[in-house]
Amino acid sequence: MSLPTPQYFVGNTFRTLTSPLINGSELCLTVSGIERCAADQYYGPTVRPDHHVHFILDGKGTYEVNGKTYHLHRGQIFVTFPGALVYYYADPEDPWYYTYLSFSGTKASLYLEKAGITAADPVRDCFLEPEDFLVFTSKIFERHELTITNELMRNALLYEALALLVDSYNKHLAKSHQPAVPDYPSSYYVEHAVRYIHDNYAKVRVSDVASYIGITRSYLTHMFQQKLLVSPQKYIVNYRLEQGRLLLQNTDLPVQEVAERIGYEDPLTFSKMFKNTYGKSPKKYREQLRGERGEGSAR
């Protein structure tokens, strides 16, 4: 089945590339462009079928949506959302010049929300030089021929632009001492933290887990307390001791080597913690098991 050919337009004041829409995709570029608007040039009133993100490179303009009016300028971003009636127009004395990316997909709204942009709040600052986003549009134009390689590259550039949009927002929150909004449900972080602990329990620290997952230590602790009713440190200790118990049960390794394998350089520390948890020392635990099995003495 043949795909529709992307349309590529070049004019005195604009460049535009439209791409084939891939139905059912998580994210798909539909339009990209650069336009230097004339004085009082307007668009709408209209309803767009996709998400249309404008990065203002220079000049001024006005955006009207949902009964609100925004007077915008260089370094700001405004977004039109599917189904919203929008109207925007350039300033008569200092008309705006912007680049834009349009896209559809099941995760389009989610990614914009993570970048601090919603249908109820469709305007924000770039927090970067707007030309940082123009780079992506320019590279997309270089990939206008209809090939699978270029289709993948166009969408890769879209993902990269949105990643920068999200990252710039998170850095703005941190710089202004506002709490970061978690990207995923807490259960997702806990699941990945537990897996990381299981793979690295003999040497892992709580700070290592938080760094690997990409969250603060305090938030990691809060989630463990909420989901597992135990702190990350206690979970690590419990898992180490459980692995030690299994080694005592299923191998003939000396207690000192068991301690070393699960992350304790000092076997006395291991023995003390093991006894606090299981009610007897590692040696006594192994002796009891062997007695129950009718085996010889433990080391």
Side-chain angles (χ1 to χ4, degrees), residues 1-8 16-33 43-44 46-55 63 65-66 77-86 88 98-124 126-128 132-133 135-137 139-141 143-144 146-173 180-193 195 213-215 223 227:
M1 182 179 68
S2 62
L3 292 174
T5 305
Q7 295 178 307
Y8 187 42
T16 302
L17 171 68
T18 61
S19 296
L21 174 63
I22 303 174
N23 292 324
S25 62
E26 289 187 351
L27 196 69
C28 179
L29 180 72
T30 54
V31 183
S32 58
Y43 189 87
T46 190
V47 175
R48 286 188 174 277
D50 49 13
H51 301 76
H52 201 69
V53 184
H54 305 74
F55 304 91
Y63 177 38
V65 62
N66 299 326
I77 299 165
F78 70 100
V79 181
T80 70
F81 282 77
L85 181 65
V86 299
Y88 49 97
Y98 50 58
T99 185
Y100 52 86
L101 296 170
S102 298
F103 48 89
S104 293
T106 58
K107 288 192 173 181
S109 291
L110 172 64
Y111 291 150
L112 286 173
E113 180 184 345
K114 296 303 180 182
I117 302 169
T118 64
D121 194 8
V123 173
R124 59 155 262 203
C126 284
F127 307 129
L128 299 168
D132 291 345
F133 295 98
V135 169
F136 299 106
T137 312
K139 288 182 178 180
I140 287 170
F141 286 151
R143 296 284 183 168
H144 60 84
L146 183 61
T147 66
I148 292 298
T149 299
N150 282 342
E151 178 185 316
L152 292 170
M153 285 300 301
R154 287 193 299 267
N155 281 296
L157 288 163
L158 171 62
Y159 273 101
E160 193 174 349
L162 288 174
L164 183 61
L165 201 60
V166 173
D167 185 60
S168 63
Y169 179 64
N170 288 336
K171 287 179 177 177
H172 164 71
L173 292 179
V181 179
D183 287 331
Y184 301 101
S186 58
S187 58
Y188 192 76
Y189 288 108
V190 171
E191 176 186 340
H192 281 260
R195 185 180 303 131
I213 299 300
I215 57 177
M223 289 189 300
K227 298 294 183 180

Using atom types as modelled, flag every donor-acceptor pair under 3.5 Å from a side chain in residues 108-115 to any protein atom, sequence neighbours excluded.
residue : atom : partner : partner atom : Å
Ser109  : OG   : His51   : NE2          : 3.0
Lys114  : NZ   : Pro182  : O            : 3.0
Lys114  : NZ   : Asp183  : O            : 3.3

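- Looking at heavy atoms from C-beta onward, Leu158 lies in side-chain contact with Asn155 at the 4.5 angstrom threshold.
- Residues Pro49 and Ser104 come closest through the heavy atom pair O-OG, 4.3 Å.
- Side-chain atoms of Asp50 do not come within 3.5 Å of backbone N or O of Cys28 as any donor-acceptor pair.
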Donor-acceptor contacts under 3.5 Å from residues 161-169 side chains, at least two apart:
residue : atom : partner : partner atom : Å
Asp167  : OD2  : Lys171  : NZ           : 3.1
Ser168  : OG   : Arg124  : NH2          : 2.8
Ser168  : OG   : Leu164  : O            : 3.1
Ser168  : OG   : Leu165  : O            : 2.8

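- Applying the salt bridge (Lys or Arg N to Asp or Glu O under 4.0 Å) rule to Glu160 yields no partners; only residues at least two apart in sequence or on another chain are considered.
- The distance from atom CZ of Phe55 to atom CZ of Phe78, rounded to the nearest 0.5 Å, is 11.0 Å.
- To the nearest 0.5 Å, the span separating CZ on Phe133 from CG on Leu128 amounts to 5.0 Å.
- For the atom pair CD (Glu151) and CG (Leu29), the distance works out to 10.0 Å, reported to the nearest 0.5 Å.
- Heavy atoms only, all atoms of each residue included: His144 and Asn150 are closest at N-ND2, 4.5 Å.
- For residues 98-107, the salt bridge (Lys or Arg N to Asp or Glu O under 4.0 Å) pairs, not counting sequence neighbours, are Glu26-Lys107.
- Checked against ring-ring contact (aromatic ring centres under 6.0 Å, His included), Phe127 has the following partners two or more places apart in sequence or in another chain: His172.
- Tyr98 and Tyr100 have perpendicular rings, their planes meeting at more than 60° on a 0 to 90° scale where under 30° would count as parallel.
- The OH atom of Tyr159 sits 10.5 Å away from atom CZ of Phe103, with the distance rounded to the nearest 0.5 Å.
- For Ser186 against Lys227, the heavy-atom pair with the smallest separation is OG-CE, 2.9 Å.
- Within the 4.5 Å cutoff, the side chain of Thr80 has heavy atoms near those of the Tyr63 side chain.
- Checked against side chain to side chain donor-acceptor pair (under 3.5 Å), Tyr88 has the following partners two or more places apart in sequence or in another chain: Arg48, His54.
- Side chains of Phe81 and Ile117 form a contact here, defined as non-hydrogen atoms less than 4.5 Å apart.
- When all heavy atoms of Val65 and Pro122 are compared, the closest pair comes out as CG1-CG, 4.1 Å.
- For the side-chain contact (heavy atoms from CB on, under 4.5 Å) test with Val79, the passing option among Val53, Val86, Asp121, Leu101 is Val53; the others fail.
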